[in-house]
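One structure below.
Quick caveat: nothing in here was measured; it's all calculated off a predicted structure.
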Number of protein chains: 2
Amino acid sequence: MSASISSSSGFTRHTRSDKTRAAILTAAAPIFSTNGLAGARTEAIASAAHVNKALLYYYFKSKDDLHRAVIEEHLSEFSRRADEVLHAPGSVRKTLLAFIGMHFDYLSGIPYYPRLFHRLLVSGGPGLERIARKHLLPVGRQLVQQIERGIESGELRRVDPVQTVISLFGLTVHYFSAASFIRLMSNADPYDRKRLAKRKKEILDFVRFGLFIHPEEPLE
Amino acid sequence: MSASISSSSGFTRHTRSDKTRAAILTAAAPIFSTNGLAGARTEAIASAAHVNKALLYYYFKSKDDLHRAVIEEHLSEFSRRADEVLHAPGSVRKTLLAFIGMHFDYLSGIPYYPRLFHRLLVSGGPGLERIARKHLLPVGRQLVQQIERGIESGELRRVDPVQTVISLFGLTVHYFSAASFIRLMSNADPYDRKRLAKRKKEILDFVRFGLFIHPEEPLE
DNA sequence: GTATATAAACTAACCATTTAGTTAATTCTT
DNA sequence: AAGAATTAACTAAATGGTTAGTTTATATAC
């Protein structure tokens, strides 16, 4: 097994191996997402990645391991972006709204992500719990801190911070989770540019009015 | 195959067949929910229902058909309850908050439901779409109407009604979808009585402040 | 005597995983 | 720099366990 070498001078050398591994992960994600762990066919993943089926086992211990890797891949990227937003300076208002915007945009770009994400939340298992603990928990804690800060400073209503984090996720994620139902209800593509913009605005408004003491104040 | 006879005089005669069928559906629900369609074992379902495996095929065409039936069972019950709430007289405020309360309580009672429900939203397929169209769409439309009514009467902010329906579902559903993560984050049972009550209150508050022009007004 | 059930053996297909080997790239030797 | 040695990347084809669905034979209830 090759080691993918990350030079310490700040850039990554992409070996052939890295590319193949990435190709497998990329191909596997939507397949796991639509079919579930048990429903996904290794053959289908291999052929989508244009590699031999056995290569999956060259790079990953098992189908299960590949599944975990796919989820972790996406979650760590999300957590990276979240950290960026949550550690930037600015008012609680600005930070929270920026986080929601980032989260929404991230999900907009990866239609299959909510299904994958949902499986993580729902199916549990020790491997997945480890991943959630590592990537999701810190983001949650950061958000709770921001909300606490906002309550102290009088920007926010006296909400329960943990509950509020759940609400923020719910508002953002559900649009994408329910995309197929939305298509049914509104007879239009939920991933259409304009609809996405509309939804994003609607979430931000809902949050402003739902959480902030002075909803109408401008940003900053 | 027997016909389960529902007398037209308003009550259902429970034949032995009905009971067995119901037992299978009840046993199958949590198994499909945890393992997915492909991951669920027919053998496991049969033994959980205390019936012979062959009996599954006596009552249902296939595993797929059973899966559909399980989802429809729950969805039609939800839609029945929703209709009750949404057609009762009262202000938009009262009706919307009652709907949310009903939805929340319904989900509280069936821990495995969100996973099942999520599969419906996510995996599509013509069979499932039919079910969504039949049971979910009317509820959605009713909610949209109520929200439109609320905007006209000045009770509600000028929100987009469809988006708002999505938000209401998101707020309610996500708590249960993310239950395992909530357990992680707060180190407590999300299905505990007190936590449920707290969450419900938090949702209702969020909605009151987020949607209503005069959040603080008493109910009715 | 028809609908509802059980038990248990069966099968046909499926599918994750392994094996045994090939090809491509890199390093080592002289 | 030629070629030998070594390792990494990859493949085609089998293996072997699993499992949805069937069948056959038998039993009991209504």
Identified side chain to side chain contact (heavy atoms under 4.5 Å, CB included) partner of B:V162 from the options B:V159, B:I166, B:V165:
B:I166

Contacts of B:H135 meeting ring-ring contact (aromatic ring centres under 6.0 Å, His included) (sequence neighbours excluded), chain-then-number -> none

Protein and nucleotides 18-21 of chain C: nitrogen or oxygen contacts under 3.5 angstrom:
none

Write down the distance between CG (B:D64) and P (D:dT19), rounded to a whole number of angstrom.
18 Å

Hey, would you say the A:H74 and A:Y112 ring centroids sit under 6.0 Å apart?
yes

Whole Å only: how far is the CG atom of B:L55 from the P atom of C:dA8?
16 Å

Given C:dT4, D:dC10, C:dT17, the nucleotide with the shortest approach to the side chain of A:S62:
C:dT17

Rounded to whole Å, how long is the line connecting atom CZ of B:R21 with atom C1' of C:dA3?
16 Å

Should A:Q146 and A:R141 be marked as a side chain to side chain contact (heavy atoms under 4.5 Å, CB included) after you check the CA-CA gap, both sets of side-chain angles, and the distance that decides it?
CA-CA 9 Å; A:Q146 291 280 350; A:R141 288 203 208 292; over 6 Å; no

With a non-hydrogen cut-off below 4.0 angstrom, is B:H50 in contact with a base, only sugar-phosphate, or nothing?
sugar-phosphate

Do B:E77 and B:R81 sit within salt-bridge range, that is, some charged N less than 4.0 Å from a carboxylate O?
yes

Take the protein atom CD1 of A:I31 and the nucleotide atom P of C:dA16, then report the distance between them rounded to whole Å.
11 Å

I'd like to know whether the aromatic ring centres of B:H103 and B:F176 sit less than 6.0 Å apart in this structure.
no

Could you tell me whether the phosphate oxygens of C:dA5, OP1 or OP2, come under 4.0 Å of any side-chain nitrogen or oxygen in B:T20?
yes

When the distance from NZ of B:K19 to C1' of D:dA29 is rounded to whole Å, what number comes out?
13 Å

Ignoring hydrogens, what is the shortest heavy-atom contact between B:I45 and B:A28? Give both atom names and the distance.
CG2-CB, 3.8 Å

Nearest whole angstrom, please: distance from the C1' of D:dA20 to the CG of B:L66.
12 Å

Counting only side-chain nitrogens and oxygens, does B:Y58 get under 4.0 Å of the OP1 or OP2 atom of C:dA5?
no

Measure from the side chain of B:K63, starting at C-beta and using heavy atoms only, and say which of D:dT11, D:dA20, C:dA5 lies closest.
D:dA20

Which heavy atom of A:A49 sits nearest to which heavy atom of A:A23, and what is that distance?
CB-O, 3.8 Å

Does D:dC10 have its OP1 or OP2 closer than 4.0 Å to a side-chain nitrogen or oxygen of A:Y59?
yes

Can you check ring-ring contact (aromatic ring centres under 6.0 Å, His included) on A:Y106 and A:Y113, steps first, answer last?
CA-CA 9 Å; A:Y106 183 56; A:Y113 180 77; 5.4 Å; yes

So which of residues 35-47 of chain B are in contact with DNA chain D, with a heavy-atom cut-off of under 4.0 Å?
B:A40, B:R41, B:T42

